[in-house]
Amino acid sequence: MKSYVVGGAVRDRLLGRPVGDVDHVVVGATPEQMLAAGFRPVGRDFPVFLHPATGEEYALARTERKVARGYHGFTFHADASVTLEQDLARRDLTINAMAIDPDSGDVIDPYGGRRDLAARVLRHVTDAFAEDPVRILRVARFAARLPDFSVAPETTALMRRLVDAGEVDALVPERVWQELARGLMEARPSRMFEVLRDCGALAVLLPEVDRLWGVPQPAQHHPEVDTGVHLMLVLDAAARLDAPLPVRWACLGHDLGKGTTPRDEWPRHLGHEARSVQLVEAIDRRLKVPGDCHELAVLAAREHGHVHASAALDAAGVLRLLERCDALRRPERFAQLLLACECDARGRRGREHDPYPPRERLQRALDVARAVDTAAIAASAGGVPGPQIGAAIRRARVAALADAGIAAAS
């Protein structure tokens with residue numbers, strides 16, 4: 001019975017990156033021996049145990065066999081005869097198929113993981129990679145985490161064959177969302193979409209995004225011209241600004257409607273906001289996107305143009321924008337909308353570091369509007385109907401915004 005540190009902890013240690021969770025594989029043991037040693041079983045599909053002192057995961061060495069299509073179509077074999085090399089062979093990438101002997105500190109690397117770390121290459125371990133289509137998403141996510149790594153040509157070719165065989169169509173929505181969400185939160189999210197696009201998976205999973213490449217925008221507003229290129233710049237701006245997941249998801253969907261603009265209207269995209277809302281709603285239903293991400297994505301798709309142009313609004317117009325965004329009741333979500341709009345503005349070639357005045361100005365406008373003493377206005381109304389009180393509150397907020405000098409002159 002012998003345990004080894006495996007997977008991401010080994011990779012990150014060799015890269016000099018912070019090590020998160022530490023996973024272990026145990027060779028030469030049975031479940032009964034693990035229980036007798038005090039380990040607590042937690043694995044549902046295969047034998048995984050928690051260490052009685054550290055709480056770290058220890059899995060019995062196992063092999064996998066594909067028996068049906070899709071992510072769940074596997075059987076697992078775990079017993080004391082499975083070797084460390086057999087266990088590592090089932091892993092996705094060579095850089096994740098290494099182990100460290102905790103007693104000697106030696107790195108066990110039967111599949112060339114250290115070589116590929118040095119060469120900055122993401123390469124599949126064996127052709128068993130093709131048995132799990134989720135690995136396409138994982139490779140793309142690792143490309144976003146390690147943006148200076150390239151995908152080995154033979155791995156890209158294998159992923160294309162998986163896509164052509166329809167394996168990506170069998171992925172369950174929850175798992176697609178999980179991997180996309182994790183990739184969006186990496187250092188350079190654009191790399192995830194570039195890898196998915198290169199192998200054809202993006203056209204299957206997110207055709208609404210894939211069709212943006214090749215769609216032009218006016219060069220005076222978008223020096224990068226191409227809408228797909230713009231979207232990638234926006235996502236990377238969101239990463240630089242350390243935006244949370246709802247903001248990054250909103251960035252992904254904000255311009256989807258431009259992909260449905262008739263060619264004879266290019267490079268203008270009149271009405272793309274409403275089309276973007278429809279497409280965001282369709283994607284979010286399909287992938288079962290969480291509510292906070294869905295709500296912000298719809299809001300950003302609908303309102304980002306109005307936020308960008310808000311300097312031209314008078315006080316009443318600013319208040320209408322705040323009301324449409326439900327900013328008075330949900331200031332935190334409005335702050336996320338403003339951040340998403342800043343990412344959009346910074347996602348233009350050569351303008352990545354330009355200031356974005358609408359964010360500060362509209363945040364200040366919201367603070368001014370919320371500072372109006374609505375309770376005092378209601379108390380002084382003397383029992384008049386509710387709509388009249390609401391109108392009085394609106395007048396007070398418009399006056400406050402005008403006095404603060406935030407809005408354009410009416």
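These figures come from a predicted structure and were not determined experimentally.
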Intermediate values then yes/no, salt bridge (charged side-chain N to carboxylate O under 4.0 Å, His left out), Asp109 and Arg115 = CA-CA 9 Å; Asp109 178 22; Arg115 172 202 63 207; over 6 Å; no

For a quick check under 3.5 Å, do [X] and [Y] share a side-chain donor-acceptor pair by atom type?
X: Gln178; Y: Arg175; result: yes
X: His308; Y: Asp344; result: yes
X: Asp198; Y: Thr156; result: no
X: His24; Y: Glu56; result: yes

Given side chains that start at C-beta, do those of [X] and [Y] come closer than 4.5 Å, heavy atoms only?
X: Asp116; Y: Tyr111; answer: no
X: Val163; Y: Ile136; answer: yes
X: Pro267; Y: Val225; answer: no
X: His124; Y: Arg135; answer: no
X: Leu117; Y: Leu15; answer: yes

Over 12 non-hydrogen atoms of neighbours within 6.0 angstrom of [atom1] in [X]:
X: Lys288; atom1: NZ; answer: no
X: Arg40; atom1: CZ; answer: no
X: Arg114; atom1: CZ; answer: no
X: Asp21; atom1: CG; answer: no
X: Arg120; atom1: CZ; answer: yes
X: Glu85; atom1: CD; answer: yes

task = Could you check Glu208, Glu281, Glu174 and say which one makes a salt bridge (Lys or Arg N to Asp or Glu O under 4.0 Å) with Arg286?
result =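 With Arg286 as partner, Glu208, Glu281, Glu174 yield a single salt bridge (Lys or Arg N to Asp or Glu O under 4.0 Å), made by Glu208.
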
query = Can the ring centres of His304 and His272 be said to be less than 6.0 Å apart?
reply =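 Distance test on ring centres: under 6.0 Å, yes.
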
message = I'd like to know whether the aromatic ring centres of Phe149 and Phe142 sit less than 6.0 Å apart in this structure.
response =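 Centroid distance Phe149-Phe142: not below 6.0 Å, so no.
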
inquiry  = With a 4.0 Å cut-off on N to O distance, would you call Arg397 and Glu323 a salt bridge?
reply    =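 Between Glu323 and Arg397 there is no salt bridge, as every charged N stays at least 4.0 Å from the carboxylate O atoms.
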
inquiry  = Please determine whether a side-chain nitrogen of the Lys or Arg among Glu186 and Arg191 lies less than 4.0 Å from a carboxylate oxygen of the Asp or Glu.
reply    =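 No, this pair does not count.
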
message = The criterion is ring pair (Phe, Tyr, Trp, His ring centres under 6.0 Å); which residues satisfy it with His306, sequence neighbours excluded?
response =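 Partners of His306 under the ring pair (Phe, Tyr, Trp, His ring centres under 6.0 Å) test: none.
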
inquiry  = Quick check for you: to the nearest 0.5 Å, what is the distance between Met98 atom CE and Leu93 atom CG?
reply    =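 Spacing of CE (Met98) from CG (Leu93) equals 10.5 Å.
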
